[in-house]
Structure formats: C-alpha cells, structure tokens
Amino acid sequence: MFVFLEDCVKELHDAIMADGYGIGSDIVKVDMFLNHRLDTKLLNAMGREFYNYFKSKNVDTILTIEASGIALAIATATAFGEIPVVFAKKHPHEELDKIKEKGEDYTASVYSFTHKNNNVITVKKRYLEKGSNVLVIDDFLANGEAAEGMINILKQAECKVAGIGIGVEKGFQPGGKHLRNFGYDVKSLAIIDAIDNGNLVLANDN
Ligand code: 5GP
C-alpha cells in the first residue's frame with residue numbers, strides 16, 4: 001500500500017531510520033536529533049506539523065515536561081505564532097509534602113519509565129490561567145504517565161486539553177491507546193511498532 005507522508009513526517013522517519021536505535025526491548029534512543037543533539041530544522045518542521053494538525057483548536061498555551069519536551073514545545077509554540085510554553089518541573093517524590101504545604105503549585109505524581117522512579121511534577125498555579133486552551137507536547141509517549149500527569153494538572157487548573165502532540169510514540173506500549181480511549185486527540189509524528197535486535201521498526205501508517 002502506498003502511504004503519503006508529509007515532508008516533515010518523512011524527514012523524521014528518515015532521521016529515526018538513519019540515527020535511531022533501540023536498547024533491549026523497549027528503550028528508543030534518538031539522541032542525534034531529539035534528546036541530546038537538537039536538529040532545529042527538523043524540530044521546527046515538527047512544530048509546523050503540529051500547528052497544521054491542531055490549528056482549528058484555538059490553542060493559546062503549550063504545556064510540556066522538563067527536560068526533553070521543551071525543545072519540541074518551543075518549536076510548536078513558535079509555529080502557533082509565539083504562544084507561551086509552560087513546562088512542568090520534576091522533583092523527587094519525597095518533596096511532595098513540602099511542595100503541597102506551600103500551596104503555590106499544582107502537583108501530580110508521575111512514574112518515570114526511563115528512570116524507573118516516581119516523581120512529583122509541578123506547575124506554578126499562576127502560570128496556568130483558568131479556561132486556557134492547552135496543547136500538551138512531549139518528545140516520547142510510552143506508558144502515558146507523563147501525559148496523564150500533565151492532564152491531571154490541567155484539570156486542577158480548570159484548563160481545556162486541546163490535544164496531545166507527540167514526537168515519537170512507542171506503539172508497543174499502552175500510553176497512546178489509553179489516551180485515545182479516554183477521548184483525547186493524540187497526534188504522534190512517528191510510531192515505532194517494535195525494536196528488533198536494536199533496529200527500530202516504524203509503523204507505516206503514520
Ligand atoms: P511515559 O510517561 O509515556 O511512560 O513516558 C514518556 C516520557 O518518558 C517522555 O517524557 C520521555 O522523556 C521518556 N521516555 C519514555 N520512553 C522513552 C524512550 O524509549 N526513549 C527516550 N529517549 N525517552 C523515553
């Protein structure tokens with residue numbers, strides 16, 4: 001079957017095939033362009049792709065999570081006409097009580113797939129205006145913990161979730177399915193179906 005790919009999506013797929021690799025059965029490394037070295041041309045094209053997909057949703061704010069979501073979030077915010085980016089900060093779980101005591105932050109508990117630990121993510125209450133129309137952006141989607149934590153914070157802030165934009169979704173983990181089943185509009189620019197001996201297998205319908 002012939003599948004038409006947008007230029008940016010093709011560029012991203014080419015970069016994944018050229019420079020991405022897998023570790024074990026479930027870790028995807030794309031440090032060459034997304035997680036360590038940043039390919040700004042590709043990131044800007046990915047941002048424009050999110051704009052094209054979500055432009056009818058009246059997005060006024062982007063929410064992401066530190067650290068590796070920030071670059072893609074800025075590229076996306078620029079494509080939307082330089083709207084603000086808010087990034088959730090990560091703290092060790094032991095700090096939860098101290099953070100809550102101060103009462104300045106929205107908080108959510110997030111299990112980190114890559115670090116195998118629990119974090120508290122926080123956003124200062126004053127940075128999320130009630131009624132804002134927020135696009136959630138992240139570099140990766142695995143089990144959906146990070147995205148669900150951000151959605152939890154948006155609910156506390158009484159903001160709307162305009163959609164969820166993901167650079168690379170690991171289709172063999174359940175996050176994408178869960179979020180779509182909840183009714184969220186999830187746009188992933190690349191979906192990886194499997195890791196085969198260190199090689200990444202891309203889904204051919206995204
Ligand atoms: P989730 O919360 O959906 O399980 O995982 C998403 C978060 O974990 C993303 O913010 C991303 O930074 C990180 N992550 C999950 N899986 C991978 C992976 O295979 N490779 C990289 N580089 N990051 C990942």
Side-chain angles (χ1 to χ4, degrees), residues 12-13 15-39 42-43 46-47 50 62-77 85-93 106-123 134-155 161 163-203 206:
L12 175 61
H13 287 205
I16 289 171
M17 286 295 98
D19 296 310
Y21 58 95
I23 299 179
S25 59
D26 55 10
I27 298 284
V28 173
K29 294 296 274 185
V30 287
D31 286 6
M32 184 66 175
F33 53 92
L34 193 59
N35 291 134
H36 194 157
R37 177 179 177 272
L38 298 172
D39 182 332
L42 178 59
L43 282 163
M46 291 166 75
F50 287 134
I62 306 278
L63 178 65
T64 189
I65 185 163
E66 68 177 356
S68 48
I70 295 175
L72 185 55
I74 290 174
T76 306
V85 171
V86 178
F87 64 90
K89 296 196 170 204
K90 287 180 194 160
H91 310 261
H93 216 257
Y106 298 117
T107 66
S109 190
V110 167
Y111 180 77
S112 165
F113 175 78
T114 35
H115 297 106
K116 311 279 181 237
N117 63 355
N118 268 304
N119 286 301
V120 188
I121 64 165
T122 66
V123 174
V134 182
L135 177 61
V136 172
I137 292 284
D138 207 359
D139 58 337
F140 268 89
L141 176 61
N143 290 323
E145 290 266 342
E148 283 178 32
M150 289 189 270
I151 291 168
N152 180 336
I153 280 180
L154 291 175
K155 282 188 181 152
V161 181
I164 301 170
I166 299 293
V168 181
E169 175 178 341
K170 293 189 288 183
F172 53 87
Q173 290 182 264
K177 193 166 174 227
H178 283 167
L179 293 167
R180 291 181 182 100
N181 284 344
F182 282 133
Y184 293 109
D185 189 356
V186 181
K187 174 66 177 170
S188 297
L189 300 182
I191 299 181
I192 292 174
D193 267 350
I195 299 174
D196 179 17
N197 260 327
N199 299 312
L200 303 177
V201 181
L202 274 169
N206 65 97

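Just so it is clear, the model here is predicted, and its values are computed rather than measured. In each ligand, atom 1 is the first atom listed, and ligand 1 is the first ligand listed.
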Show the atoms of ligand 1 that are less than 4.0 angstrom away from any heavy atom in I27. 19 (O)
Side chain, backbone, both or neither: Q173 near ligand 1, heavy atoms under 4.0 Å: neither
Residue part near ligand 1, for F113, under 4.0 Å between non-hydrogen atoms: side chain
If I apply the N/O under 3.5 Å rule, does Y111 come out as touching ligand 1? no
Just let me know how V28 lines up against ligand 1, side chain, backbone, both or neither, with a heavy-atom cut-off below 4.0 Å. both
Rounded distance (nearest 0.5 Å) linking atom NZ of K29 with atom CG of D19: 13.5 Å
For the backbone of I137 and the side chain of T64, can you confirm whether one donor and one acceptor N or O come within less than 3.5 Å of each other? yes
When distances are taken from atom 5 (O) of ligand 1, the protein heavy atom at minimum range is A142 CB, 3.6 Å
What residue and atom, counting heavy atoms only, is the protein's closest point to atom 9 (C) of ligand 1, and at what distance? D138 OD2, 3.4 Å
Nearest-contact summary for atom 14 (N) of ligand 1 - protein heavy atom, Å: T114 CG2, 3.6 Å
Under-4.0 Å heavy-atom contact with ligand 1, by part of S68 that carries it: side chain
Mind listing the closest non-hydrogen atom pair of G149 and V110 along with its distance? CA-CG2, 3.9 Å
Note the single closest protein heavy atom to atom 22 (N) of ligand 1, along with its residue, its atom name and the distance in Å. N35 OD1, 3.2 Å
Between F182 and H178, how do the two ring planes meet: parallel, tilted or perpendicular, split at 30° and 60°? tilted
Nearest neighbour in protein (non-hydrogen) for atom 6 (C) of ligand 1: F140 O, 3.6 Å
Nearest heavy-atom contact between K90 and A67 is NZ-N, 4.3 Å
How far does OH of Y21 sit from CG of D31, to the nearest 0.5 angstrom? 5.5 Å
G144 to ligand 1, any heavy atom closer than 4.0 Å: yes
Quick one: pull up CD1 in I191 and CD in E169 and give me the separation to the nearest 0.5 Å. 4.5 Å
Nearest non-hydrogen protein atom to atom 2 (O) of ligand 1, with distance, is A146 N, 2.8 Å
Could you pull out the closest heavy-atom pair between L12 and L42, with the gap in Å? N-CD1, 3.8 Å
What is the closest protein heavy atom to atom 12 (O) of ligand 1, and at what distance does it sit? D139 OD1, 3.3 Å
Looking at ligand 1, is there an atom of it that comes within less than 4.0 Å of some heavy atom belonging to D26? yes
Identify the heavy atoms of L179 and A147 that sit nearest to each other, and give their distance. CD1-CB, 3.8 Å
Between the CG atom in L63 and the CG atom in L154, the distance rounded to the nearest 0.5 Å is 5.0 Å
Can you pull out the closest protein heavy atom to atom 16 (N) of ligand 1? Residue, atom name and distance to 0.1 Å, please. K170 NZ, 2.9 Å
